[in-house]
Amino acid sequence: TTRTPEFLGLDKSSSLLPASESVNEVVVGVLDTGVWPESKSFDDTGLGAVPSGWRGACESGTNFTAANCNRKLIGARFFSKGYEATMGPIDVSKESKSARDDDGHGTHTASTAAGSAVDGASLFGYAPGTARGMATRARVAAYKVCWLGGCFSSDILAAMEKAVVDGVNVLSLSLGGGSPDFYRDSVAIGAFAAAEKGIFVSCSAGNAGPSSMSLSNVAPWITTVGAGTLDRDFPAYVTLGNGKNFSGVSLYSGNSKGTLLPFVYAGNVSNATNGNLCMMGTLDPAKVKGKIVLCDRGVNARVQKGSVVQLAGGAGMVLANTAANGEELVADAHLLPATAVGEKSGDAIKMYLFSDPNPTATILFEGTKVGIQPSPVVAAFSSRGPNSITPAVLKPDMIAPGVNILAGWTGGIGPTGLAVDDRRVAFNIISGTSMSCPHVSGLAALLKAAHPDWSPAAIRSALMTTAYVAYKNGGKLQDVATGKDSTPFDHGAGHVDPVSALNPGLVYDLTVEDYLGFLCGLNYTSSQINTLARRNYTCDPSKSYSLYDLNYPSFAASFDSTSGGPTTIKYTRTLTNVGAATGTYKATASSGSAGLKIAVVPDTLSFSKAGEKKSFTVTVTGSAMPASTNAFGQLEWSDGKQTVRSPMAFSW
Amino acid sequence: QQQERRTYIVHMAKSQMPAAFQHHAHWYDSSLKSVSGSAQMIYSYDTVVHGFSARLTAEEAGSLEARHGILAVMPELRYELH
């Protein structure tokens with residue numbers, strides 16, 4: 001990716017980052033649509049021999065042989081038996097029955113996590129710079145599990161099984177949609193086994209935001225990643241015939257003449273009831289030819305709307321957000337001059353369209369702008385808490401860059417993914433929690449290299465407790481969906497800060513035993529635990545299992561709004577000293593609500609050696625509140641140099 | 001609908017494997033054959049799951065679920081890229 005290394009501070013901190021030899025040993029496995037091995041992001045120049053413990057392979061198939069792998073791309077497997085069992089044999093004229101990526105998504109995620117540095121990268125000149133993965137020296141293993149018809153759980157399980165056996169250190173899954181029950185969810189099941197073997201598993205939180213309780217991949221042994229913006233934008237302005245300007249975004253590659261053209265609303269140049277959406281075949285070419293068309297966002301793909309306008313003879317498109325998307329602007333590499341505008345601008349433009357007898361407009365493309373503030377802001381599409389399955393575990397865990405991310409792309413299709421798009425690009429700019437997840441996967445690879453003895457939970461703790469929730473000017477992280485402060489239900493512990501995560505001081509660690517106790521707390525039966533964790537495990541009937549005692553780096557709960565009185569929850573946590581041998585940390589708990597009282601005992605922890613563990617309790621008392629009330633707080637442990645911060649989130 | 005085959009993931013309790021079987025794969029295969037003479041195994045799992053995936057009718061899935069050593073027979077789920 002371009003810009004995200006700078007945005008995350010990776011460019012200025014080479015002395016703090018792990019030595020390249022240790023990162024060389026880390027393998028990031030990516031379960032996705034495969035990989036385009038010819039991408040320069042998988043150039044292996046300067047990389048040493050493949051890690052000695054690596055047991056993976058490069059499987060041959062359609063347009064893919066072992067020769068496509070190298071010392072960067074060290075594994076490439078495909079899993080299609082489950083897909084073919086349901087969908088029938090793969091038509092190799094439409095998709096490669098191999099690890100070759102015909103879609104682009106897998107190449108994008110793999111190169112984001114661990115792609116080599118590529119100078120002179122851009123998409124049609126947009127987002128120029130040196131594109132690199134987060135862990136440029138780490139190795140990549142691609143496991144293709146997603147096909148034209150979707151990603152099937154039997155294939156996902158088979159791929160996770162192979163990845164574990166192959167010896168990956170980090171698994172990155174930018175997909176979701178499983179069952180709410182962990183023991184039915186193949187990703188949660190596979191991730192449990194992976195975590196047990198010391199493999200860090202990061203997953204995308206989902207793109208179902210800004211609705212609350214819209215998360216995917218919420219098992220506590222998974223690191224769940226939401227999406228935020230960068231400080232980069234691609235402005236493209238709409239100028240109306242009345243002289244008014246509205247800002248939008250676009251990745252359109254051609255030039256604009258800058259002359260005013262006739263401007264129409266799609267709903268007025270179509271006989272279809274949903275003509276405003278610019279669905280395929282709904283626009284009347286006689287009324288569209290040579291004009292700029294305003295289409296409303298929703299239902300069909302954004303880039304397809306542009307194609308529909310182009311096919312109808314339109315000269316340009318303004319894509320207007322509706323209430324569902326608010327002011328979030330996602331840039332696309334449209335086939336015709338086009339720009340996306342927010343709901344407010346869209347409404348204002350429509351007012352002009354409906355009131356002026358001869359409306360005109362032009363679109364001006366301004367290229368790439370960096371330094372946009374505030375940034376990051378939580379993306380509207382990023383899925384939100386509360387965690388509907390286990391409210392005691394706050395999800396997402398954190399956010400990372402996921403909006404307008406440039407990374408490697410397949411040579412198989414154009415940047416829009418449309419069949420009519422015959423352009424081919426080495427890099428593409430796309431958005432989603434799919435893009436934020438591999439950022440964290442790559443950063444986890446860096447942490448793994450720096451601290452080979454850390455467990456996946458310790459790595460996640462380091463990433464979470466050092467994440468930030470305020471801008472440098474002190475303002476709180478914003479949510480583009482509301483234009484207001486974001487909350488832990490939106491950003492989890494905050495935006496990832498990898499340089500701080502390298503040296504967190506203390507971590508909240510977790511073992512498989514802790515997760516099994518958590519499953520007992522969920523009242524799972526022995527059979528359900530065996531299904532998920534592959535072992536006979538009986539919860540001790542004499543023991544009281546509390547979900548609040550899972551040693552998670554955040555605190556959450558759902559209070560009963562009908563209880564009529566205050567509710568008290570007691571959490572127990574243990575911190576492990578991974579910093580200097582000695583240190584005294586003081587607790588500071590704060591709440592943004594009068595309805596919350598937080599007490600920490602003891603409020604001072606003194607460590608006298610590395611690896612030492614110290615426990616404490618947090619008692620949270622929530623007043624009686626109406627249903628749907630949310631309240632937030634935070635707990636910080638600080639020795640004056642390092643601060644270990646945990647978010648607190650409560651719902652009624 | 002009862003005769004329509006779909007993919008199921010069958011979770012097995014490996015500790016309950018009868019002594020007569022020398023390898024778990026044989027036990028999985030035998031379990032599948034006990035409910036269907038024609039069903040094909042798609043994958044056999046042994047690292048992240050103990051069990052296998054196969055195309056089964058709902059009736060076969062129900063029969064399999066009732067057998068000793070079977071923990072769960074779960075319909076396949078489809079996931080989406082994010």
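Below, read A as the first sequence line, B as the second, and so on, with proteins coming before strands; counting in each chain starts at 1.
Contacts between A:L173 and chain B at a heavy-atom distance below 4.5 Å are absent for every atom of the residue. Heavy atoms closer than 4.5 Å to chain B are found in the side chain of A:N536, but not in its backbone. Interface residue B:H11: only side-chain heavy atoms are found under 4.5 Å from chain A. For A:V145, no part sits under 4.5 Å from any heavy atom of chain B, backbone or side chain. With a threshold of 4.5 angstrom between heavy atoms, A:K162 does not approach chain B through any atom at all. Interface remark: A:S174 contributes backbone atoms only to the contact with chain B (heavy atom separation under 4.5 Å). In this structure, chain B has a heavy atom under 4.5 Å from the side chain of A:S216, while its backbone stays farther away. Proximity to chain B (any heavy atom under 4.5 Å) is shown, for A:F79, by both the backbone and the side chain. Neither the backbone nor the side chain of A:T525 has a heavy atom closer than 4.5 Å to any heavy atom of chain B. Residue A:Y183 touches chain B through both its backbone and its side chain, counting heavy-atom pairs closer than 4.5 Å.
Across all their heavy atoms, A:N217 and B:H82 have their closest contact at ND2-CE1, 4.2 Å. Nearest approach of A:G82 to B:E76, heavy atoms of both residues: O-OE1, 4.0 Å. The two residues A:S153 and B:I9 make their nearest non-hydrogen contact at OG-CD1, 3.5 Å. A:K197 and B:T47 make their closest contact through CE-CG2, 4.0 Å (heavy atoms, listed as atom of the first residue, atom of the second, distance).
Heavy atoms from other residues, nucleotides or ligands lying under 6.0 Å from NZ of B:K14 number more than 12. At most 12 non-hydrogen atoms from other residues, nucleotides or ligands lie less than 6.0 angstrom from CD of B:Q40.
For the atom pair A:E84 CD and B:T7 OG1, the distance stands at 11.5 Å (nearest 0.5 Å). Between the CD atom of B:E80 and the CG atom of A:L175 there is a distance of 10.0 Å, given to the nearest 0.5 Å. Atom OG1 in A:T109 sits 8.5 Å away from atom CG in B:L81 (nearest 0.5 Å). Taking CG of B:L77 as the reference point, atom CG of A:L157 lies at 10.0 Å (rounded to 0.5 Å).
Side chain of B:R78 to main chain of A:G149: a donor-acceptor pair is present (N/O by atom type, distance under 3.5 Å, no hydrogens or angles). Side-chain N or O atoms of B:Y45 include none that pairs as donor or acceptor with a backbone N or O of A:E161 at under 3.5 Å. Looking at B:Y79, its side chain never comes within 3.5 Å of a backbone N or O of A:C146 through a donor-acceptor pair.
Comparing A:T86, A:V164, A:T33 by heavy-atom pairs within less than 4.5 Å of chain B, the highest count is held by A:T86. The choice from A:A533, A:G176, A:S526 that makes the most heavy-atom pairs within less than 4.5 Å of chain B is A:G176.
A side chain to side chain contact (heavy atoms under 4.5 Å, CB included) with B:M74 is found for exactly one of A:D185, A:T531, A:D181, namely A:T531.
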